[in-house]
Amino acid sequence: MNCLLLVARFILLLGVGTLGVPPQPQERGKTWALLVAGSKGYYNYRHQADVCHAYQILHSNGIPDENIIVMMVDDIAHDPENPTPGIIINSPGGEDVYHGVPKDYTGKHVNSKTFLHVLTGNKTGVQGIGSGRVIESGPNDHVFVNFVDHGGPGILCFPDDVLPADELIKTLKNMAQKSQFSKLIFYIEACYSGSMFDNLLDDDLNIFVTTAADPFESSYACYYDEERMAYLGDVFSVTWMNDMNSETLALNDLHHQFERVRTRTNTSHVEEYGDLDIGNTKLKDILGFNMKNMNSIGSAYESGNLPTMDVHDNLHIPLKIVMNQLEKYKDVSKRKELKTELRSLQKKRSEVDAVIDKIINNLLDLDEDSKDDIRVGRHSLNKQNFPCYKKLFTLFSDKCFNIPKNPYVRIHLQKFVNMCGVPGLTIEKAVEAIESVCYDEERYVNFFAQ
Ligand SMILES: *[C@@H]1O[C@H](CO)[C@@H](O)[C@H](O)[C@H]1NC(C)=O
Ligand SMILES: *[C@@H]1O[C@H](CO)[C@@H](O)[C@H](O)[C@H]1NC(C)=O
């Protein structure tokens, strides 16, 4: 009997094989995760805190460490300004989230090239760099990417370079074509993060993206900690991670999480992009699940009794941190020092503003209405105008203020998008205007406008 069955099976297998139908049943794939904090400097405490916390959630939810890759400069935990060396927290009075975090790529290895190599599984690309580990995902695997950092229209910042949207989209498309994932989920906390995907990401690639902000706005920092003199988290990140602490919520799907996080994040517009059907994927299939992680934060979340977050616009955090300290300190000499620091930050910002003004004023032959459109307009990025925008912001970053070193300039980059859409302005004229103002490349080499 058994023997007969075996023979029957053998014949069946043979038959299937010769018919050309794939012989193996669909394997249930693995989940891979790439967690990235793309900033450096103590005043950006929150980015690494968010990413370390994301690691703790995935790890305790049962995603094996061998499938999790972390990129972070790793300059926060042991920064002299950190009053609790070796400890990073992500909420007031919260637990340490730093312990056990894998340090695959740290320091200068946190850059856009390494990020793309790791994401695409390019081992030769990271040979001799960091842990050398990459996402080795196959057609049945899910990939979760969580990126937390500064962003501008159509760019994500790394400490020393930027990742333009067209390169990210091209990479994701290539990965889809090479069947490097079954589903790819991207959670991204950055100012203007919607602009990385809006009009740019196709909806047939099995990619589902949630962004902290729409294409035109900041995302928000939260939880200012007086002792640490730092914001501990960002609203969108903290909100989706709190969402993981309640059983009814964590067993739900991505789209439900998106809806809840969007409702609760009232400081910016949380958006979704890509293949929205993927939204019906269970959260546990992407982020794992562990009953032990369900806690009171989760039930507070469900009932809507959330802690106040003390939020602030991410574009103005450096100023706000100094102002917060001015409120705290009474000592005269300390206050003097802080006031000097504040004035210096403001002065550098004004210098950037003045250069931008000059560039716009140097757009000759353009009437005032068109110039106003450049100053305050909201032209959208798309596949057609992206090359023009990329040329202008690259030139600005090379000749005027280096974008990753001067995160403040992101506030003005929309004007370069607008220049690519204003009737009567050619890209040559825009280039000329930038070059006429920023002719001396050395002038801004050591300029850091935060
Ligand atoms: C991997 O990275 C190397 C080094 O940058 C590059 O030359 C190569 O083309 C990359 N391979 C793929 C498949 O993209
Ligand atoms: C956002 O929500 C919080 C808490 O739910 C509330 O305290 C705050 O006033 C809201 N902010 C805005 C801008 O609506």
Side-chain angles (χ1 to χ4, degrees), residues 27 29-40 51 65-74 102-151 154-188 190 196-197 200-209 273-275 278 383 386-387 390-391 393-395 397-398 402-405:
E27 238 179 89
K30 302 185 189 98
T31 292
W32 291 84
L34 175 52
L35 312 176
V36 186
S39 67
K40 67 176 177 189
V51 158
D65 277 7
E66 67 203 45
N67 292 357
I68 305 177
I69 298 178
V70 179
M71 298 179 75
M72 62 176 184
V73 173
D74 195 26
K103 295 177 184 176
D104 290 291
Y105 299 93
T106 59
K108 68 179 191 319
H109 299 315
V110 179
N111 59 59
S112 71
K113 284 196 177 48
T114 305
F115 170 71
L116 294 180
H117 287 325
V118 173
L119 181 61
T120 56
N122 186 344
K123 276 197 168 173
T124 38
V126 291
Q127 212 159 34
I129 295 174
S131 69
R133 296 201 306 140
V134 295
I135 302 282
E136 296 180 73
S137 55
N140 301 327
D141 296 341
H142 298 327
V143 176
F144 174 65
V145 184
N146 182 204
F147 184 97
V148 182
D149 189 20
H150 298 300
I155 57 166
L156 294 177
C157 295
F158 283 86
D160 302 310
D161 68 348
V162 302
L163 175 61
D166 60 342
E167 282 178 39
L168 177 63
I169 300 286
K170 193 177 88 188
T171 301
L172 294 175
K173 220 170 160 162
N174 271 338
M175 288 178 73
Q177 271 158 7
K178 288 161 120 183
S179 300
Q180 287 189 284
F181 54 79
S182 162
K183 296 171 185 174
L184 187 145
I185 313 302
F186 213 128
Y187 278 16
I188 172 165
M196 292 298 287
F197 304 98
L200 299 173
L201 180 67
D202 297 336
D203 61 8
D204 58 355
L205 302 174
N206 291 343
I207 296 173
F208 177 83
V209 182
Y273 297 100
D275 184 348
I278 302 277
K383 289 176 187 172
F386 201 88
K390 187 175 180 178
K391 182 162 179 160
F393 83 68
T394 306
L395 182 71
S397 189
D398 288 347
N402 180 276
I403 294 171
K405 285 189 187 141

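Since the structure is predicted, the reported quantities are computational estimates derived from the model, not experimental observations. Both counts, for ligands and for their atoms, begin at 1 and track the order of listing.
Using a 4.0 Å cut-off between heavy atoms, His117 contacts ligand 1 through its side chain alone, with no backbone atom that close.
Not a single donor-acceptor pair under 3.5 Å links the side chain of Ser182 to the backbone N or O of His142. Tyr105 contributes no side-chain N or O that, together with a main-chain N or O of Val73, makes up a donor-acceptor pair within less than 3.5 Å. With hydrogens and angles disregarded, a donor-acceptor distance shorter than 3.5 Å links the side chain of Asp141 to the backbone of Lys30. Asp161 places a side-chain N or O within donor-acceptor distance of the main-chain N or O of Ser112, the cut-off being under 3.5 Å. In this structure, the side chain of Arg133 engages the main chain of Ile68 through a donor-acceptor pair within 3.5 Å.
Among all non-hydrogen protein atoms, the one lying nearest atom 9 (O) of ligand 1 is Asn122 ND2, 4.8 Å. Looking at atom 4 (C) of ligand 1, its nearest protein heavy atom turns out to be Gly125 CA, 4.0 Å. At the shortest separation from atom 13 (C) of ligand 1 among protein heavy atoms lies Lys178 NZ, 4.1 Å.
Distance remark: protein heavy atom present below 4.0 angstrom from atom 2 (O) of ligand 1. Per-atom contact check: atom 11 (N) of ligand 1 touches the protein, criterion being a heavy-atom distance below 4.0 Å.
The aromatic rings of Phe115 and Phe158 are tilted relative to each other, their planes meeting at an angle between 30° and 60°.
Taking any N or O of Thr124, backbone or side chain, none lies under 3.5 Å from an N or O belonging to ligand 1.
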